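Following: one structure in structure tokens, then a few remarks.
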Protein chains: 2
Amino acid sequence: MIYLDNAATTPMREEVIETMHSCMKDVYGNPSSIHQAGRKARVLVERARRIVSKKLNVSPSEIFFTSGGTEANNAILWGCYKDLGKKHFITSPLEHPAVLHSVESIARYHNAGVSLIDIDSKGHVDLEHLEFLLKENPGSVVSLMHANNEIGNLMPMNAVSKLCRQFDALFHSDMVQTMGKLHLDLQALDVDFAVASAHKFHGPKGAGLMFVRKGKSFRPWIMGGGQERNMRAGTENIYGIAGLAKALELAEDTMGMDQEHINNLRGMFLQLVKEKLPDVSFNGDAEGSALNTIVNLSLPEKINSEMLLPNLDIAGFCVSSGSACSSGSTTGSHVLTAMGVSDDRPSLRVSFSRFNTIEEVQNFVEVLRRLCHE
Amino acid sequence: MIYLDNAATTPMREEVIETMHSCMKDVYGNPSSIHQAGRKARVLVERARRIVSKKLNVSPSEIFFTSGGTEANNAILWGCYKDLGKKHFITSPLEHPAVLHSVESIARYHNAGVSLIDIDSKGHVDLEHLEFLLKENPGSVVSLMHANNEIGNLMPMNAVSKLCRQFDALFHSDMVQTMGKLHLDLQALDVDFAVASAHKFHGPKGAGLMFVRKGKSFRPWIMGGGQERNMRAGTENIYGIAGLAKALELAEDTMGMDQEHINNLRGMFLQLVKEKLPDVSFNGDAEGSALNTIVNLSLPEKINSEMLLPNLDIAGFCVSSGSACSSGSTTGSHVLTAMGVSDDRPSLRVSFSRFNTIEEVQNFVEVLRRLCHE
């Protein structure tokens, strides 16, 4: 089996599995308990928080662990509305459903406003339109993901954060695809909020984090005990948290090497596609400002889109038509639709990780070529 | 170290750790992906759902996995308000903060009503008062935990569910303390909603479930992808879910034996306390209708409450003054306060599991005796 769906989720790194395994054997206390069993668990959680905050160049007091990126996106957006008094949200039609559905729900049931930024045919946000929207709605919340999960496009973070500062807006960024792939200095990126999910960078599913800048905190979205300094109730997933920190630490350790390797895979893939599949086109800004792990393709119209993924699956290749959430459907993604990409041609998302090889990429292109010429 | 704080959290069973470890090595797909890696993860999740639903005598379609009991309590109570049109909540002052804070928040910010049922000095709800409240507010939501997490009192479930049916109320029960300790037939208990948390029955932290009776479902509280049949967004914590199911399966397998063992521990403990610590009293209905795992004590007034837990900790005993959430404070629990228990006397919660021994209980009473007579 050749796994090229790393934007959906990634295999855990062996060291992460072993870290979690040994924590499961050795540590079982509730971090809120003050006795020794509890303190041992507390040390695990706070050590993880220190590792993460150091890697992201923020204070440990600004990092809060969650069950994943989706929960974190919900908590931040609702928190902005409920507790920070924000009544207008500016986002893009290309965002993840965790952001779009939260914002839509706040708007529909709570009388907040939402503006969607225009995007161009390559999937980049129109910064002039963002400026216009901010001028019309000063003091908004801007929610824009760092790298798009379907097409890989990178957000021009500095330009966005500058505009946000200029118009007194809060800037939230879903960094689920970039955390652990790019080195993220959250001070330099100048965001107010960010979220990530461990399973996207070879960590465990069920563990994520939110960065909440000092002074921008809100009442807990999940209410109960006072965990996570009263920002997120519920007994901490100490194994998941330890795994998340280990995965981020490893990702940073091997980042240079991994980036080079993935750049090579991507370069080879783009080159082979152009050479061998001239009737295939790239969606998004594949050859411009995009995260190296994600490539989105439109295949020739004659390909039976319903049979494409099953045929690739039979041939041993795991890829997707878009985000995993909508894998079951062949009705095209909201991202490609918003970009004006015709759904007459089946689309494919190919996403790499450090564990893929040049041979896998070559084999994949060969199989695609056969399917396109059958 | 002798761990007598099993109501806060429990050590994982070895078989649960090994199940999770092997899943982490073998399964990494996203259950929403339709390719073979995804299907393998989907099988893991659905097998877990089948195991759990069979043990609880409900349909797999009525079980939804969450990050824990707290999240599940939040989701259900908000869902009742948002989507099921419920505008009045009836609960007890002895509930867990996950229920109390959710209901208070719905009431304060969304103009719903809340009634608190009177309780007696033993911590049992006044069923006549519940009936009165239901009469005054037909069509309410009643939220009452199966066993109290601080004093162990058991709820008279059948009487409550009968009253709920009579007055067209929905019945939600936090079963965090009883799941995996008592055999729970959710049909027979006749609840509309229930929640549990794996780490309370020797499963992993970060995994829980909600039972939502067919026809009583609501829009997802965590919004995003359509996971958990659109009831709970976010990539599934597949390792946690597999661990939860394994832990529940094991708990049911050894339940008879474990109950007998814990009954013996409890019996010995109560007897020794009465014999050797005549100035110690039990809070709640310790010798009546209570879960066998939890005993709550008030110690003599002369004991320095601030030094009690640290002294026990130094002696190697992990116990708590109440729930883990409030372990750091010595200002007394909301449960004991609501019951009218004086906070002049320090309180202790002792909670057993299958892993405790008669010797541990004997040693603990001996240490308590020394502390009381120093």
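These numbers come from the heavy atoms of this one structure, side chains and all, not from hydrogens, waters or symmetry mates. Letters A, B, ... mirror the listed sequences (proteins, then strands); counts begin at 1. What you are looking at is a predicted structure, and each value in this text was computed from that prediction instead of being measured.
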Interface residue of largest heavy-atom contact number with chain A, from A98(B), G38(B), G69(B), P204(B), under 4.5 Å: A98(B)
Gap between atom [atom2] of [Y] and atom [atom1] of [X] - 0.5 Å precision:
X	Y	atom1	atom2	value
R232(A)	T70(B)	CZ	OG1	8.0 Å
R39(B)	D313(A)	CZ	CG	4.5 Å
M1(A)	Q36(B)	CE	CD	5.5 Å
S67(A)	I222(B)	OG	CD1	5.0 Å
M24(A)	H21(B)	CE	NE2	7.0 Å
H110(B)	H110(A)	NE2	NE2	6.0 Å

Would you mind checking which part of [X] comes under 4.5 Å of any heavy atom in chain B, side chain (CB onward), backbone (N, CA, C, O), both or neither?
X	value
V27(A)	neither
T10(A)	backbone
E14(A)	side chain

Region of [X] in contact with chain A, defined by heavy-atom distances below 4.5 Å:
X	result
S197(B)	neither
V99(B)	neither
E236(B)	backbone
R13(B)	neither
K25(B)	both
H202(B)	neither

Interface residue of largest heavy-atom contact number with chain B, from R219(A), E71(A), E104(A), K82(A), under 4.5 Å: R219(A)
Which residue out of S102(A), A41(A), G68(A) racks up the most heavy-atom pairs below 4.5 Å with chain B? S102(A)
Which pair of heavy atoms, one from S33(B) and one from D5(A), lies closest together, and at what distance? OG-OD2, 3.5 Å
Between H96(A) and G225(B), the two heavy atoms sitting closest are CE1-N, 4.4 Å
Do Y239(A) and Y239(B) make the cut of ring centroids closer than 6.0 angstrom? no
Using only atom types and a distance under 3.5 Å, with no angle test, would you say the side chain of K205(A) pairs donor to acceptor with the backbone of Y28(B)? yes
Are any side-chain N or O atoms of N237(B) and backbone N or O atoms of A207(A), one a donor and one an acceptor, separated by less than 3.5 Å? no
Mutual orientation of the aromatic rings belonging to W221(A) and W221(B) [parallel < 30°, tilted 30-60°, perpendicular > 60°]: parallel
Could you give me the CA-CA distance, side-chain angles and deciding distance for L309(B) and I34(A), then say whether side chain to side chain contact (heavy atoms under 4.5 Å, CB included) is met? CA-CA 8 Å; L309(B) 290 176; I34(A) 56 172; 3.9 Å; yes
Are there over 12 heavy-atom neighbours, none belonging to D26(B), within less than 6.0 Å of that residue's CG? yes
Taking non-hydrogen atoms and a cut-off under 4.5 angstrom, which of residues 73-81 of chain B neighbour chain A? N74(B), W78(B)
